[in-house]
Amino acid sequence: MALNPLDLYDIRSLLSDEERAVQDTVARFTDERVLPIIGDCFDQGRFPKELVPEIAELGLLGSSLPETYGCAGLNGVSYGLICQELERGDSGIRSFVSVQSSLCMYPIYAYGSEEQRQRWLPGMAQGKLIGCFGLTEPHGGSDPANMKTHAKKDASGDWILNGGKMWITNGNLADIAIVWAMTDEGIQGFLVEKGMPGFTAQEVHKKMSLRASVTSALFFDSVRVPEANRLAGVKGLKGPLGCLTQARYGITWGPIGAAQACLNEALKYGAERILFNRPLTSNQAVQIKLAEMARQITLAQLLSLQLGRLKDAGTMQPTQVSLAKWNNCRMAIDIARETRDILGGAGITTEHCAIRHALNLESVITYEGTQTVHQLVVGRELTGINAF
Ligand code: TGC
Ligand code: FAD
């Protein structure tokens, strides 16, 4: 029996019935709703906000959180498969879901009060309230411990927030920003609401990557944030880093989808392209490239699935996430660039997906910790020496 070129090791057979059903549902959504419009969205620099109600209806927002808050209560592997199938469409769509789920709903659930959970989570699961996550600052995102944004409690008990954040996904869409700021007691998280006086967002333009996603700068000019909007359950850098572990886990899966889309395109285009009187895929040089892509995708699939099983068993470690985030982003960007080459000149237009994925993956390999940051996390684990 012929093997599936996009799943050579039949990873799908290792999934439960529920996990397969989740994958099929999201795959259908991507095929029917994302792929027909995403090339134009990328060209126009437009996030397809009209898809948000459908994404919510499918239960893809905060999908791992409990049903009590209107969420789907799915396991970690299912969340990974959601990311994979969405990013097969576009990294921007997966980014929207990652930020809403792992970077906004997760900290409210993990570090927030019951009142904060009740107030925000059901609306966020329904896509009626959108979140963003402000950690990075203009002077250096790799070292968030050195943040300048600060919050100080005044005599009334409110917090006064000053500073700015940069490169914030969903910034101009957001009803609520999870903002990490330095306080006298270390880094703390605050729920900053749209419309609070002194809080503004400005969209970043001229992007050549993640064009179907909103990216913004956030500014805080003496924003008064009530004590009730502080995430009281955590203090220190481990607060935001704990959220990043959740999001990075999903990002290990996403680029597998982008790489599968590219391999699929390379196979189809190469079979139809006749050069020197034979299909391009008849050449050894091209077959070696395609085989290399399949090898890299298979390794990435195995990494993410095992990571997901560790996550669901409650034993996943941040270093394991770092290795997979680094490997899988590198794998996907290499495959997207190789596919672009196999398509020749046709590969430079957004009529085909390779260049769009390659450009998007420039962000994906940078955000949530650059490749270098993740290599140094693994190096620190191996040697016990902090080389940052
Ligand atoms: P370090 O001393 O290592 O750690 C400080 C405290 O945090 C704990 N910790 C973690 N906890 C949970 N998950 C992790 N991954 C953790 N890593 C560390 C650690 O145990 C410690 O806890 P405690 O209790 O001892 O205080 O901190 P460091 O200052 O040496 O920094 C280490 C480093 C460089 C790895 C970290 O700063 C880092 O990861 N930098 C990269 C920053 C980053 O990834 N930013 C991402 C911003 S958000 C984003 O990009 C969203 S894009 C979303 C989209 O559109 O999809
Ligand atoms: P820098 O930290 O200045 O790094 C520059 C270079 O130096 C990199 O190559 C890095 O690997 C290297 N480097 C850093 N430290 C070392 C070292 N010790 N040794 C050797 N090399 C080193 N952030 C958020 O908070 N929320 C978001 O929603 C969000 N969304 C994003 C969306 C997009 C499209 C993009 C592009 C970024 C987003 N980010 C977001 C920011 C992202 O997390 C940062 O860009 C990333 O963490 C890197 O920070 P930086 O850009 O400041 O680069």
Side-chain angles (χ1 to χ4, degrees), residues 91 95 98-99 102-104 106-107 110-111 132-151 162-169 177-190 204 209-210 215 217-218 220 231 233-255 300 303-304 306-307 310-311 315-334 360-388:
S91 305
S95 263
S98 291
V99 169
S102 291
L103 296 183
C104 297
Y106 172 79
Y111 311 139
C132 70
F133 177 90
L135 178 64
T136 304
E137 299 188 356
H139 58 272
S142 298
D143 183 16
N146 184 34
M147 67 175 63
K148 311 291 182 216
T149 298
H150 58 275
N162 279 289
K165 300 286 176 181
M166 188 58 194
W167 306 115
I168 306 305
T169 302
I178 312 288
V179 178
W180 298 95
M182 190 59 77
T183 70
D184 290 343
E185 298 162 60
I187 293 170
Q188 298 201 64
F190 297 89
V204 175
S209 174
L210 278 190
T215 312
L218 307 182
F220 314 103
L231 291 173
V234 75
K235 279 192 187 127
L237 193 59
K238 67 174 180 286
L241 290 182
C243 307
L244 294 183
T245 295
Q246 305 301 314
R248 289 167 176 173
Y249 161 75
I251 292 174
T252 75
W253 288 82
L303 264 186
S304 281
Q306 171 62 0
L307 195 64
L310 293 173
K311 186 175 199 298
T315 59
M316 182 180 83
Q317 298 292 319
T319 304
Q320 296 167 327
V321 181
S322 281
L323 189 141
K325 199 270 180 184
W326 151 30
N327 182 79
N328 292 9
C329 291
R330 170 52 54 199
M331 168 283 296
I333 198 168
D334 288 348
N360 282 340
L361 288 159
E362 293 287 348
S363 287
V364 181
I365 203 168
T366 296
Y367 66 34
E368 299 273 3
T370 65
Q371 173 169 313
T372 308
V373 161
H374 292 296
Q375 288 169 323
L376 295 178
V377 168
V378 176
R380 182 167 68 177
E381 180 80 28
L382 299 179
T383 63
I385 300 167
N386 187 346
F388 286 104

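All figures in this text were calculated on a predicted structure; none of them were measured in a lab.
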How long is the straight-line distance from [atom2] of [Y] back to [atom1] of [X], given to the nearest 0.5 Å?
{"X": "N162", "Y": "H150", "atom1": "CG", "atom2": "NE2", "answer": "4.5 Å"}
{"X": "L323", "Y": "Q317", "atom1": "CG", "atom2": "CD", "answer": "13.5 Å"}
{"X": "I333", "Y": "T366", "atom1": "CD1", "atom2": "OG1", "answer": "7.5 Å"}
{"X": "I178", "Y": "L135", "atom1": "CD1", "atom2": "CG", "answer": "12.0 Å"}
{"X": "N146", "Y": "E137", "atom1": "CG", "atom2": "CD", "answer": "8.0 Å"}
{"X": "W167", "Y": "T169", "atom1": "CH2", "atom2": "OG1", "answer": "10.5 Å"}

How far apart are the closest heavy atoms of [X] and [Y], and which atoms are they?
{"X": "L303", "Y": "A324", "value": "CD1-CA, 4.1 Å"}
{"X": "P144", "Y": "I187", "value": "O-CD1, 4.3 Å"}
{"X": "S322", "Y": "V377", "value": "OG-CG1, 3.5 Å"}
{"X": "T136", "Y": "G141", "value": "CG2-CA, 3.6 Å"}
{"X": "V204", "Y": "A217", "value": "CG2-N, 4.1 Å"}
{"X": "K165", "Y": "W180", "value": "NZ-O, 2.8 Å"}

- Item | Results of side-chain hydrogen bond (donor to acceptor under 3.5 Å, both in side chains) for Q371 - residues two or more places apart only |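 Q371 satisfies side-chain hydrogen bond (donor to acceptor under 3.5 Å, both in side chains) with R330 only.
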
Can you find a pair of side-chain heavy atoms, one from [X] and one from [Y], that are under 4.5 Å apart?
{"X": "T215", "Y": "S363", "value": "no"}
{"X": "N328", "Y": "S304", "value": "yes"}
{"X": "V373", "Y": "W326", "value": "no"}
{"X": "L361", "Y": "C329", "value": "no"}

Cut-off 3.5 Å, no hydrogens considered: what does the side-chain donor-acceptor table look like for residues 239-251, sequence neighbours left out?
unit_1	atom_1	unit_2	atom_2	d
T245	OG1	L241	O	3.2
Q246	OE1	K311	NZ	3.0
R248	NE	E368	O	2.8
Y249	OH	G76	O	2.7
Y249	OH	W253	NE1	3.0

Assess the side chains of [X] and [Y]: does a donor N or O sit below 3.5 Å from an acceptor N or O?
{"X": "S95", "Y": "Y367", "result": "yes"}
{"X": "N327", "Y": "K325", "result": "no"}
{"X": "S209", "Y": "E362", "result": "no"}

- Message: So does G164 get a backbone contact from the side chain of T149, meaning a donor-acceptor N/O pair under 3.5 Å?
- Response: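 Checking the backbone N and O of G164 against the side chain of T149, a donor-acceptor pair under 3.5 Å is found.
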
- How far apart are the C-alpha atoms of L103 and S98, what are their side-chain angles, what is the distance that settles it, and do they pass the side-chain contact (heavy atoms from CB on, under 4.5 Å) test? CA-CA 7 Å; L103 296 183; S98 291; 6.0 Å; no

- Please test L218 against C132 for side-chain contact (heavy atoms from CB on, under 4.5 Å), starting from the C-alpha separation and ending with a verdict. CA-CA 10 Å; L218 307 182; C132 70; 4.1 Å; yes

